[in-house]
Asks: 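Once you've had a glance at the structure underneath, I'll fire off some questions.
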Protein chains: 2
Amino acid sequence: MSTATLSQLNLPLYERIRIDIQARLVEQGWDPDLPIPTEQMLAQEYQVSIGTIRKAIDRLVQEGMLYKAQGRGTFIKQPDFKNSLLRFFRFRNHEGKQAVPTGMVKSIRKVPPTPAINKHLQIDEGMALIELQRLRIVENKVVLSEQIWLPERLFSDLLRFEPLEFGNLLYPFYYQHCGQFISTAKETLSFTSEVEDSDLNARKGDMLIKIERLAYNLENRPVEYRISLGRPENFKYEVKIS
Amino acid sequence: MSTATLSQLNLPLYERIRIDIQARLVEQGWDPDLPIPTEQMLAQEYQVSIGTIRKAIDRLVQEGMLYKAQGRGTFIKQPDFKNSLLRFFRFRNHEGKQAVPTGMVKSIRKVPPTPAINKHLQIDEGMALIELQRLRIVENKVVLSEQIWLPERLFSDLLRFEPLEFGNLLYPFYYQHCGQFISTAKETLSFTSEVEDSDLNARKGDMLIKIERLAYNLENRPVEYRISLGRPENFKYEVKIS
DNA sequence: TAGTGGTCTAGACCACGCT
DNA sequence: GCGTGGTCTAGACCACTAA
């Protein structure tokens with residue numbers, strides 16, 4: 001543990017421990033399939049009672065970084081995209097049943113830096129990018145059209161693959177080939193009538209839903225910026241207020 | 001405490017106590033300005049240790065029913081509408097600064113039952129309703145147009161007021177005059193191009209955002225159904241995924 | 001059967017708010 | 001100064017998972 005982190009701040013003990021555990025897991029790049037040290041071990045290591053460790057870990061669980069499995073241990077959690085705004089597009093197939101769209105990469109290439117995107121990704125103006133075009137399809141019909149940008153420095157290994165070699169899901173692919181584990185994301189919903197999109201058959205003037213996503217790795221650094229476009233007809237989003 | 005509630009179920013002690021506390025506060029209609037019994041008192045009353053009471057209450061805090069204030073006590077919480085979808089309409093005044101719209105009731109009247117709305121409110125088909133028309137205004141310009149329905153049985157006292165006597169906020173007014181405390185709400189965002197709205201200058205075919213809200217009282221019964229319409233241009237909504 | 005997290009106890013002292 | 005919630009201890013026993 002880093003003594004500096006644990007001493008100086010005027011925070012409750014469990015908060016300081018929470019921060020320290022978080023930093024350790026991030027720096028060591030903990031394997032998501034391996035349990036982190038047990039509560040007993042951590043209690044002994046930090047020389048505090050087990051209740052204090054539990055409170056620290058409970059915070060990380062609430063934050064979404066860890067999850068607990070009784071009898072097995074505590075693990076690093078992959079983000080749960082069931083809350084994604086994209087999940088609130090409801091598509092139906094020809095039988096009228098609900099259908100989950102399939103992701104398909106259309107193209108991948110290295111592109112020069114773009115000021116606005118480099119700023120989103122918090123990287124230097126001069127750093128090159130990787131750009132992916134991706135479609136989400138239901139029964140051969142394009143229902144969402146996506147553009148994805150990644151820092152070339154971290155993701156250059158992706159350039160070795162052909163578009164069709166990317167599976168339905170990108171994030172496991174990122175982790176497998178570039179060691180980048182997506183931990184959280186921020187999404188923004190807005191509207192635009194100023195883009196043309198041949199995949200969606202949308203002309204200028206047609207109102208489209210635009211969902212921007214900025215995805216963060218375990219170190220809390222933005223590593224993917226994504227724009228998804230779709231038609232508003234089937235969109236329905238719910239929130240609970242309390 | 002109701003012994004039935006606390007015994008039969010095969011739940012952790014703190015869960016059974018949580019349920020019992022919740023039921024007690026709802027049934028007694030606890031004053032939001034008065035603290036609930038202290039943790040010490042509850043621990044003694046339920047004959048459990050204080051940690052168990054804390055866990056029960058922490059659940060209710062997480063759920064949004066209570067909030068704690070160190071040194072003062074624990075209180076019933078009013079819902080926090082900073083998460084409302086409506087807050088994600090961004091309006092600007094003539095100086096380009098962000099402006100919060102003012103609410104203004106345009107009309108209030110008793111109306112006969114409407115099957116769809118009575119169903120939302122979970123009341124009998126034959127029960128009469130109160131209907132409010134309400135506008136949200138920024139610098140004399142209507143930016144949102146609302147229709148609100150309430151069960152006449154619970155809210156008949158509102159009919160004694162003229163539209164302009166309703167203030168900017170409705171929920172405190174409900175509590176003051178009808179004893180109905182709004183505790184949570186559920187909102188749904190969708191789109192429509194099939195309505196005409198003279199207040200918003202919208203014709204059929206214009207795409208509008210439609211936000212439906214169902215608001216619940218402390219007993220978790222729906223008591224208000226509301227439809228808000230607005231133009232999509234200034235709408236921007238964010239979520240965090242983890 | 002061994003080891004994990006889940007629940008629960010019966011206290012202690014601290015920090016904060018009100019009066 | 002008094003009473004509130006906030007933090008923390010040092011255990012105990014239970015329920016679940018995996019080998």
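On a predicted model such as this, the values are computed, not experimentally measured, just so you know. The chains referred to below are lettered A, B, ... by the order of the sequence lines, with proteins before strands, and numbering in each begins at 1.
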Asks: In plain terms, say whether Glu212(B) and Arg226(B) are close enough for a salt bridge, that is, a side-chain N and a carboxylate O under 4.0 Å apart.
Replies: no
Asks: Take atom CD1 of Ile53(A) and atom P of dG6(C), then tell me their distance rounded to the nearest Å.
Replies: 14 Å
Asks: On the six-membered ring of Tyr67(A), is Lys77(A) placed so that its NZ or CZ lies under 6.0 angstrom from the centre and within 45° of the ring axis?
Replies: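 No - Lys77(A) does not lie over the ring of Tyr67(A) by the 6.0 Å and 45° rule.
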Asks: Measure from CG on Leu11(A) to P on dC14(C) and round the result to the nearest Å.
Replies: 19 Å
Asks: Please report, rounded to the nearest Å, how far the P atom of dT7(D) is from the OH atom of Tyr46(A).
Replies: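 Answer to the nearest Å: 18 Å.
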Asks: Under a 3.5 Å cutoff, is there a donor and acceptor pairing between the side chains of Tyr46(A) and Asp20(A)?
Replies: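 Yes, side-chain donor-acceptor contact under 3.5 Å.
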Asks: Taking side chain as C-beta onward, heavy atoms only, is Leu121(B) less than 4.5 Å from Ile117(B)?
Replies: yes
Asks: Hey, does the side chain of Thr52(B) come within less than 4.0 Å of dT7(C)'s phosphate (OP1/OP2), counting only N and O?
Replies: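 Checking dT7(C) against Thr52(B), no side-chain N or O comes under 4.0 Å of OP1 or OP2.
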Asks: Using atom names, set out every protein N or O paired with an N or O of nucleotides 11-19 of chain D below 3.5 Å, distance rounded to 0.1 Å.
Replies:
residue: dA15(D); atom: N3; partner: Gln70(A); partner atom: NE2; Å: 3.3

Asks: In whole angstroms, how far is the C1' atom of dG6(C) from the CG atom of Leu13(B)?
Replies: 13 Å
Asks: Output the rounded distance in Å from CG (Asp58(A)) to P (dC8(D)).
Replies: 14 Å
Asks: Just N and O in the side chain of Lys55(B): are any of them under 4.0 Å from OP1 or OP2 of dT7(C)?
Replies: yes
Asks: Tell me if a side-chain donor or acceptor on Asn217(A) pairs with a main-chain N or O of Asn220(A) at a distance below 3.5 Å.
Replies: yes
Asks: Verify side chain to side chain contact (heavy atoms under 4.5 Å, CB included) between Glu139(A) and Phe91(A), making sure each step is shown before the conclusion.
Replies: CA-CA 10 Å; Glu139(A) 290 186 334; Phe91(A) 305 110; over 6 Å; no
Asks: Mind checking whether Phe166(A) and Phe173(A) have parallel, tilted or perpendicular rings, split at 30° and 60°?
Replies: tilted
Asks: In whole Å, I'd like the distance from the CZ atom of Arg54(A) to the P atom of dG5(C).
Replies: 8 Å
Asks: Please confirm whether the shortest side-chain N or O distance from Ser49(A) to OP1 or OP2 of dA10(D) is below 4.0 Å.
Replies: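 No, because none of the side-chain N or O atoms of Ser49(A) sits under 4.0 Å from OP1 or OP2 of dA10(D).
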Asks: Contacts to DNA chain D from residues 30-44 of chain B, heavy-atom cutoff under 4.0 Å, which residues?
Replies: Thr38(B), Glu39(B)
Asks: Can you confirm whether or not the ring centre of Phe155(B) sits under 6.0 Å from the ring centre of His177(B)?
Replies: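 Not close enough - the centres of the two rings lie 6.0 Å or further apart.
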Asks: So, is Tyr14(B) close to the dC8(C) phosphate, meaning a side-chain N or O under 4.0 Å from OP1 or OP2?
Replies: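 No.
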Asks: Please confirm whether Phe81(A) and Tyr171(A) have ring centers closer than 6.0 angstrom.
Replies: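 When the ring centroids of Phe81(A) and Tyr171(A) are compared, they turn out to be within the sub-6.0 Å range.
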Asks: Expressed in angstrom and rounded to an integer, what is the separation of Tyr67(B) atom OH from dG6(D) atom C1'?
Replies: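 Rounded to whole Å, this separation is 17 Å.
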